[in-house]
Colleague: 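Here it is, the structure in full.
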Number of protein chains: 2
Amino acid sequence: MSLPHAILTALLEKPSSGLELTRRFDRSIGYFWSATHQQIYRELGKLEEARLIRALPSSQPARGRRKEYEVLPAGRSELAGWVGRTEDPKPIRDALLLRMRAAAVVGTEGLDAELRRHLDLHRRQLAEYEDIEKRHFPPERDAAEDRLRHVVLRGGIELERFWIGWLTEALGELERLPPAPR
Amino acid sequence: MSLPHAILTALLEKPSSGLELTRRFDRSIGYFWSATHQQIYRELGKLEEARLIRALPSSQPARGRRKEYEVLPAGRSELAGWVGRTEDPKPIRDALLLRMRAAAVVGTEGLDAELRRHLDLHRRQLAEYEDIEKRHFPPERDAAEDRLRHVVLRGGIELERFWIGWLTEALGELERLPPAPR
DNA sequence: CCCCGTTGTGCAACTTGTTGCATAACGGGG
DNA sequence: CCCCGTTATGCAACAAGTTGCACAACGGGG
């Protein structure tokens with residue numbers, strides 16, 4: 001259950017409204033913990049009720065009215081505690097690997113196109129990450145906390161490289177296969 | 001929605017009962033599409049109702065009584081169609097990357113231990129994969145369909161290597177950090 | 001001044017996945 | 001022959017994530 005902690009992190013970096021958070025989840029934070037606006041609004045409600053965050057007094061409560069939140073001390077310590085908490089890595093659940101395995105049984109028809117499409121998507125994502133890296137983390141200018149963020153970004157970068165490599169390999173294997181497999 | 005297709009694949013490879021499937025999901029198939037016995041039983045029920053699979057006649061229906069399933073032709077074509085279907089890659093949602101990012105804001109306390117623990121887990125998993133590779137895919141003996149399965153396994157292997165690399169890098173960064181970050 | 005597109009918040013219903021537990025059949029040891 | 005551990009199936013309640021839509025405020029153009 002990490003969504004609340006993702007939100008706390010985002011709000012600590014900068015107090016925001018729900019929609020603003022949603023946008024930021026479409027960019028930086030969401031690169032490793034995605035969430036829809038629905039999840040975010042619901043969770044903001046819960047966090048407020050739990051007194052981990054509060055709405056800035058300036059924003060009076062009314063539907064359709066912008067409402068900005070900030071993290072309370074209780075929220076910060078909750079997050080600090082969570083950082084060191086133990087949680088097993090989630091087992092992989094990837095549809096593409098599954099498709100590949102299924103293809104070994106019922107034939108590969110249509111799979112190559114999908115692999116190529118993903119390859120393209122991952123290349124774009126990689127390009128975007130590398131762009132961010134260039135802009136946010138110029139060589140040897142990292143302050144202590146920036147270096148942690150940089151490591152996270154490099155994780156994203158290397159993950160994309162992994163996919164590009166695997167997809168390329170998989171496509172090669174598909175082509176090398178007998179023309180009409182089943 | 002890939003669980004039904006994971007089950008169809010598994011059943012095509014070998015007709016099985018619910019528990020047997022569960023065990024196989026703890027090993028091979030589950031390495032890239034995990035599922036609990038609950039999900040599996042529920043899904044078997046749905047698939048049977050949809051006439052994509054059927055219980056083998058030998059196994060009479062009774063609670064606590066072993067019930068073996070096989071895939072019907074309709075199931076096989078459903079799976080074949082699914083293989084080439086289009087589906088965007090799911091955005092990453094990884095708690096460890098998130099923790100790292102949170103650590104940049106509230107401090108890294110306890111994070112290093114968790115990273116080391118994961119590093120160990122990933123090393124074990126890698127060793128297991130490499131063992132499977134050695135046993136199931138000896139060099140230059142791959143038949144056509146084995147090669148696809150082999151590519152899938154190599155995906156798992158390289159993914160583990162990615163994590164090991166990243167965790168090592170991240171740990172290095174943590175150590176290099178000022179001793180009392182906040 | 002009012003209409004309409006944009007910004008922003010939110011409810012409700014649904015799907016998927018998790019957890020805890022209940023229950024039935026089977027087989028071997030006392 | 002009956003007790004109990006193992007094998008096997010399953011219900012129910014919950015938690016998390018997704019989708020579709022409703023509705024309020026705001027601001028600019030006609």
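Treat the numbers as computed from the prediction; the structure is a model and nothing was measured.
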Colleague: Do Val71(A) and Leu79(A) have side-chain heavy atoms sitting under 4.5 Å apart?
Modeller: no
Colleague: Send over the distance from Tyr69(A) OH to dG8(C) P, rounded to a whole Å.
Modeller: 14 Å
Colleague: Could you give the CG-to-P distance, from Leu44(B) to dT16(C), as a whole number of Å?
Modeller: 15 Å
Colleague: Rounding to a whole Å, what distance do you find between Lys90(A):NZ and dT16(C):P?
Modeller: 18 Å
Colleague: Would you find a donor on one side and an acceptor on the other, under 3.5 Å apart, between the side chain of Arg93(B) and the backbone of Trp33(A)?
Modeller: no
Colleague: With the side chain of Gln39(A) defined as its heavy atoms from C-beta on, choose the nearest nucleotide among dG8(C), dG17(D), dG10(D).
Modeller: dG17(D)
Colleague: Would you please classify the geometry between the Tyr129(A) ring and the Tyr31(A) ring as parallel, tilted or perpendicular, with 30° and 60° separating the classes?
Modeller: perpendicular
Colleague: When you measure from the side chain of Met1(A), which nucleotide among dA16(D), dT9(C), dT18(C) comes out closest?
Modeller: dA16(D)
Colleague: Roughly, in whole Å, what's the span from CD1 in Ile40(A) to P in dA16(D)?
Modeller: 16 Å
Colleague: Rounded to the nearest 0.5 Å, how far apart are NE2 of His136(A) and OG of Ser28(A)?
Modeller: 7.5 Å
Colleague: Calculate the interatomic distance between Trp33(B) atom CH2 and dG17(C) atom C1'; express it in whole Å.
Modeller: 11 Å
Colleague: So, is Arg93(B) close to the dT18(D) phosphate, meaning a side-chain N or O under 4.0 Å from OP1 or OP2?
Modeller: yes
Colleague: Distance criterion of 3.5 Å, no angle test: do you see the side chain of Arg42(B) paired donor-to-acceptor with the base of dT18(C)?
Modeller: yes
Colleague: With a 4.0 Å cut-off on heavy atoms, is Ser17(A) in touch with a base, just the backbone sugar-phosphate, or nothing at all?
Modeller: sugar-phosphate
Colleague: If you assign Leu19(B) and Gln38(A) each to the DNA chain D nucleotide with the nearest heavy atom, which residue ends up on the more 5' nucleotide?
Modeller: Leu19(B)
Colleague: Whole-Å distance between dC14(C) P and Lys46(B) NZ?
Modeller: 14 Å
Colleague: To the side chain of His37(A), which of dG10(D), dT9(C), dT18(C) is closest?
Modeller: dT9(C)
Colleague: Should the ring pair Trp163(A) and Trp166(A) be called parallel, tilted or perpendicular, given that the plane angle runs from 0 to 90° and is split at 30 and 60?
Modeller: perpendicular
Colleague: Kindly say if Tyr41(A) contacts the phosphate of dG10(C), meaning a side-chain N or O under 4.0 Å from OP1 or OP2.
Modeller: no
Colleague: Measure the distance from CD1 on Ile7(A) to P on dT9(C) and round it to the nearest whole Å.
Modeller: 12 Å
Colleague: Which one is paired to dG30(C), where only Watson-Crick or G-U wobble pairs with both distances under 3.5 angstrom count?
Modeller: dC1(D)
Colleague: From CG of Asp88(B) over to P of dT18(D), roughly how many Å is that when rounded to an integer?
Modeller: 13 Å
